[in-house]
Amino acid sequence: MPALALAALPLLATSPASAQAAAPSAFEAAGAPALRAPLPLFEAVNLIPVAVEQREGYKRDLYKHWNRGLNATDGCDTRKEVILSEAVEGPEVAAGCRLSGGSWLSPYDGVTVTDAAGLDVDHMVPLAEVHDSGGYAWDAKRREAYANDQASPLTLTAVTAKSNRSKADKDPAQWLPPAGSYHCQYAAEWVATKLRWDLAADEAEREALLGLAEDCPDTTVVYERAL
């Protein structure tokens, strides 16, 4: 997981199977706790509303990515900032945020990558799936916020281009990471991201997630709603 993002999120670090996200919400402003208490994966899945997917009107460019990132002056867009934050061994950064050297571990397939050009930055819940699951009703600002969400260490992750393109816009009923040891964590991160962004699931997705929850009884989810 990204080292910089995790620095402020100790709960995730203490439990590899946990998933959590961070950003203030209106719910917290009303006096509720800043983070939802850890929930068993099964319970967290049951918090996701079930709805029929709606793909109508989807265009990838509705979800503006990548924007100028957290530091608008460093020449690195969101994609490059995620890649830098997730490096196992930091690369050299030249003018224009050109990266050389460094190493990364792709969690989807357990592959070590030594050239940033071999990485994709994946949206945990793909943009088309976001649209299907409620994003169709979002305004442009919220779509961009999701597409560039670095307030959570779960929304975006650097993985091998091969694994990302295999996943495409599939949900867990259609695709799981090649690395079987990552399935529980993947399910927790998927569920946390859907809860963070108030997204629904269709029936097949829900059943797949409940099946994973049965196989991952010790996996917990901690999440926080995005604004």
Side-chain angles (χ1 to χ4, degrees), residues 1-51 63-67 69-71 78-79 81-82 85-86 107 121-127 129-135 137-158 171-172 182 184-201 205-206 209-210 212-213 216 218-227:
M1 300 301 298
L4 294 180
L6 288 178
L9 296 168
L11 282 177
L12 185 60
T14 60
S15 178
S18 298
Q20 78 182 60
S25 72
F27 191 76
E28 274 79 286
L35 291 172
R36 307 303 186 268
L39 294 172
L41 178 57
F42 184 86
E43 291 184 25
V45 172
N46 281 323
L47 293 178
I48 300 176
V50 177
Y63 295 78
K64 182 181 177 182
H65 65 288
W66 306 103
N67 65 19
L70 299 178
N71 183 350
T78 296
R79 177 182 177 277
E81 288 183 352
V82 171
S85 72
E86 296 195 359
V121 172
D122 182 45
H123 292 88
M124 172 54 62
V125 178
L127 299 179
E129 171 71 17
V130 168
H131 193 84
D132 294 349
S133 306
W138 292 356
D139 61 18
K141 182 178 180 181
R142 187 166 179 83
R143 289 170 176 161
E144 181 177 355
Y146 176 81
N148 298 275
D149 181 17
Q150 292 190 73
S152 164
L154 308 179
T155 308
L156 302 169
T157 188
D171 68 30
Y182 188 63
C184 291
Q185 185 171 342
Y186 183 80
E189 293 179 0
W190 179 278
V191 170
T193 303
K194 284 232 158 173
L195 291 172
R196 171 170 169 76
W197 288 93
D198 293 317
L199 296 168
E205 177 188 345
R206 171 182 160 79
L209 290 169
L210 290 173
L212 286 163
C216 307
D218 298 324
T219 298
T220 58
V221 175
V222 180
Y223 72 97
E224 185 176 6
R225 296 191 188 278
L227 284 173

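The first residue in the sequence is number 1, and the count goes up from there.
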Which residues pass the side chain to side chain contact (heavy atoms under 4.5 Å, CB included) test with L210, not counting sequence neighbours?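 For L210 the side chain to side chain contact (heavy atoms under 4.5 Å, CB included) partners, ignoring immediate neighbours, are F42, V45, N46, R206, E207.
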D132: partners by side chain to side chain contact (heavy atoms under 4.5 Å, CB included), with sequence neighbours left out: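 D132 satisfies side chain to side chain contact (heavy atoms under 4.5 Å, CB included) with E53, R55, E129 once adjacent residues are dropped.
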So, [X] side chain and [Y] main chain: donor-acceptor pair closer than 3.5 Å or not?
X: R225; Y: L195; answer: yes
X: R196; Y: E224; answer: yes
X: N148; Y: K64; answer: yes
X: D171; Y: E205; answer: no

Please name the pair of heavy atoms, one in [X] and one in [Y], separated by the smallest distance, quoted to 0.1 Å.
X: V191; Y: A44; result: CG1-CB, 3.7 Å
X: C184; Y: T219; result: CB-OG1, 3.4 Å
X: L41; Y: C216; result: CD2-CB, 4.3 Å
X: L212; Y: A187; result: CD1-CB, 3.8 Å
X: L156; Y: A147; result: CD2-O, 4.0 Å
X: A192; Y: L154; result: CB-CD1, 3.8 Å

Do V221 and L47 make a side-chain contact, defined as non-hydrogen atoms from C-beta onward lying under 4.5 Å apart?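 Contact flag for V221/L47 side chains = no.
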Please round to the nearest 0.5 Å and tell me the distance separating atom [atom1] of [X] and atom [atom2] of [Y].
X: D198; Y: W138; atom1: CG; atom2: CH2; result: 8.5 Å
X: L209; Y: I48; atom1: CG; atom2: CD1; result: 6.0 Å
X: Y63; Y: H131; atom1: OH; atom2: NE2; result: 5.0 Å
X: M124; Y: K194; atom1: CE; atom2: NZ; result: 12.0 Å
X: E144; Y: D139; atom1: CD; atom2: CG; result: 10.5 Å
X: D149; Y: R142; atom1: CG; atom2: CZ; result: 10.0 Å

For T157 and E189: C-alpha separation, side-chain torsions, deciding distance, then whether side-chain contact (heavy atoms from CB on, under 4.5 Å) applies. CA-CA 11 Å; T157 188; E189 293 179 0; 5.9 Å; no
Given W197 and V130, is the side-chain contact (heavy atoms from CB on, under 4.5 Å) satisfied, shown in steps? CA-CA 9 Å; W197 288 93; V130 168; over 6 Å; no
Side chains of H123 and Y146: do they bring a donor and an acceptor to under 3.5 Å?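 Side-chain D/A pair, H123 to Y146: absent.
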